[in-house]
Peer 1: 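The structure's right below; bear with me while I get my questions together.
Both counts, for ligands and for their atoms, begin at 1 and track the order of listing.
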Amino acid sequence: MFGHRLIIIIAICAIITFESTISSVIHQPQTDHHDELKLVFLFHRHGERTPYLLYPNDPYKKIITETVGIGQLIEKGKQRLYRLGEYLSQRYYNDNGDRFSIKQKSPRKVYARSSGSERCLQSITLLLAGMFPPEGEWKWNDNLGSLWQPFAIQTVPFEHDTLLNPDYGCPVADHLSNEIYNSEEAENISQNYRNLFKKLANYTGYPSDEMDIVKASYIYDIILSESNFDLPPPEWLDDEMWNGMKILNDYVFSFNSSSRRIQRFRCGL
Ligand SMILES: *[C@@H]1O[C@H](CO)[C@@H](O)[C@H](O)[C@H]1NC(C)=O
Ligand SMILES: *[C@@H]1O[C@H](CO)[C@@H](O)[C@H](O)[C@H]1NC(C)=O
Ligand SMILES: *[C@@H]1O[C@H](CO)[C@@H](O)[C@H](O)[C@H]1NC(C)=O
């Protein structure tokens, strides 16, 4: 399927946090003399975005929907992905005889696939722009064409994407997820954080019987995304609540892929 491609780049939209994705690509190349770079398989996430949902009392509804829009890449995220591309370019593309550098800088050597969400498509576009400014024959004019070249980015509509959309309807995965969230471990966590749930429901406007670990993680994500967009946190938020929400958010990421079976069904074929 990938033919003679040297670099395969895939933009995904969930499963792992952006920071951990970056740290997993920043490992040092091995320097064994017999090693030769054959293929790079790179997974990355999108850059910083606005929240993809808002809580009922969210004070920033208007400002977000009327500017960048819900769940969209923001300037900080554009900068990050472009810089990540530049970093990868330096890592694999130096001319000092580094055995790990890629000699042929042809865009034909790259296979790129993204989820169909706009922030992912824009992110992979920026990463490729930072990583592969055109060289030699690939320059196509003296202006933009000497700084940027187009790449084919493969994708499928998000709602039909069984590979890169972790929320693609899957009854088995949903069943496994229910088991995890109804487990004794999850029940204990909910019990320990019941005061936080009460406060969060009160301040955000969600009905208190709907507040749970997953909803608390959504609120955490919303406030984090808003602060990335330079919107100050709501005045009711204190350190204790924030730390509790962060712990719950970490639990959600770990629960959602906590068994081999759910990993397989969520990142399926
Ligand atoms: C849940 O809490 C109970 C009571 O504190 C404890 O005995 C039990 O070991 C906990 N279970 C898990 C899975 O953490
Ligand atoms: C509920 O929210 C109101 C303001 O919206 C606040 O005055 C009150 O202290 C809160 N109650 C609790 C239990 O957090
Ligand atoms: C975790 O799984 C729950 C239940 O399927 C889902 O609602 C939530 O969006 C998921 N969160 C993440 C960060 O994957």
Peer 1: Looking at Y55, I'd like to know if its OH atom is crowded, meaning that more than 12 non-hydrogen atoms belonging to other residues, nucleotides or ligands lie closer than 6.0 Å.
Peer 2: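 Yes, OH of Y55 has more than 12 neighbouring heavy atoms, counting only those of other groups under 6.0 Å.
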Peer 1: For D174, check salt bridge (Lys or Arg N to Asp or Glu O under 4.0 Å) against everything at least two apart and list the hits.
Peer 2: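 D174: salt bridge (Lys or Arg N to Asp or Glu O under 4.0 Å) contacts with R266.
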Peer 1: Would you mind listing which atoms of ligand 3 come within a distance below 4.0 Å of any non-hydrogen atom of R266?
Peer 2: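 In order of number, 5 (O).
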Peer 1: Strictly distance-based, threshold 3.5 Å: is any side-chain N or O of S123 a donor or acceptor partner for the main-chain N or O of G47?
Peer 2: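 Yes, S123 side chain to G47 backbone: donor-acceptor pair under 3.5 Å.
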Peer 1: Quick check: D167 and ligand 3, any N/O pair under 3.5 Å apart?
Peer 2: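 Such a contact does not occur with ligand 3.
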Peer 1: Check ligand 2 for N or O atoms under 3.5 Å from a protein N or O and list each pair with its distance.
Peer 2:
{"unit_1": "ligand 2", "atom_1": "2 (O)", "unit_2": "N202", "atom_2": "OD1", "d": "3.2"}
{"unit_1": "ligand 2", "atom_1": "2 (O)", "unit_2": "N202", "atom_2": "ND2", "d": "2.5"}
{"unit_1": "ligand 2", "atom_1": "11 (N)", "unit_2": "N202", "atom_2": "ND2", "d": "2.6"}
{"unit_1": "ligand 2", "atom_1": "14 (O)", "unit_2": "N202", "atom_2": "ND2", "d": "3.2"}

Peer 1: Is the backbone N or O of F158 less than 3.5 Å from a side-chain atom of N165, with the two atoms forming a donor-acceptor pair by type?
Peer 2: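 Judged by distance alone, yes, a pair lies under 3.5 Å.
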Peer 1: Name the residue from R49, R119, E118 that meets the side chain to side chain donor-acceptor pair (under 3.5 Å) definition with Q72.
Peer 2: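 The single option meeting the side chain to side chain donor-acceptor pair (under 3.5 Å) with Q72 is E118.
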Peer 1: Purely on distance, is any nitrogen or oxygen of N256 under 3.5 Å from one on ligand 3?
Peer 2: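 Yes, there is a polar N/O contact under 3.5 Å.
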Peer 1: Quick one: side chains of residues 184-203, donor-acceptor pairs under 3.5 Å with protein atoms, not counting sequence neighbours, listed by atom name and distance.
Peer 2:
{"unit_1": "S190", "atom_1": "OG", "unit_2": "A186", "atom_2": "O", "d": "3.1"}
{"unit_1": "N192", "atom_1": "ND2", "unit_2": "N188", "atom_2": "O", "d": "3.4"}
{"unit_1": "R194", "atom_1": "NH1", "unit_2": "Q191", "atom_2": "O", "d": "2.7"}

Peer 1: Quick one: are N256 and I262 in side-chain contact, heavy atoms under 4.5 Å?
Peer 2: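 Side chain of N256 against side chain of I262, heavy atoms only: no contact under 4.5 Å found.
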Peer 1: Where on F255 is there a heavy atom closer than 4.0 Å to ligand 3, on the side chain, on the backbone, on both, or on neither?
Peer 2: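 Neither part.
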Peer 1: Ignoring angles and geometry beyond distance, decide whether E184 reaches within less than 3.5 Å of ligand 1 through its nitrogen or oxygen atoms.
Peer 2: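 Checking ligand 1 against E184, an N or O pair does fall under 3.5 Å apart.
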Peer 1: Which atoms from ligand 3 have a heavy atom of S177 less than 4.0 Å away?
Peer 2: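 This gives 4 (C), 5 (O) as the contact atoms.
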Peer 1: For ligand 3, which atoms, with element, lie under 4.0 Å from some heavy atom of V214?
Peer 2: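 Going through ligand 3 atom by atom, the ones under 4.0 Å from V214 are 7 (O).
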Peer 1: Between the side chain of S177 and the main-chain N/O of A173, is any donor-acceptor distance below 3.5 Å?
Peer 2: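 Pair absent, no side-chain N/O of S177 close to backbone of A173.
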Peer 1: What donor-acceptor contacts under 3.5 angstrom involve side-chain atoms of residues 226-240, with partners at least two apart or in another chain?
Peer 2:
{"unit_1": "S227", "atom_1": "OG", "unit_2": "L224", "atom_2": "O", "d": "2.9"}
{"unit_1": "D238", "atom_1": "OD1", "unit_2": "E240", "atom_2": "N", "d": "3.2"}
{"unit_1": "D238", "atom_1": "OD1", "unit_2": "M241", "atom_2": "N", "d": "2.8"}

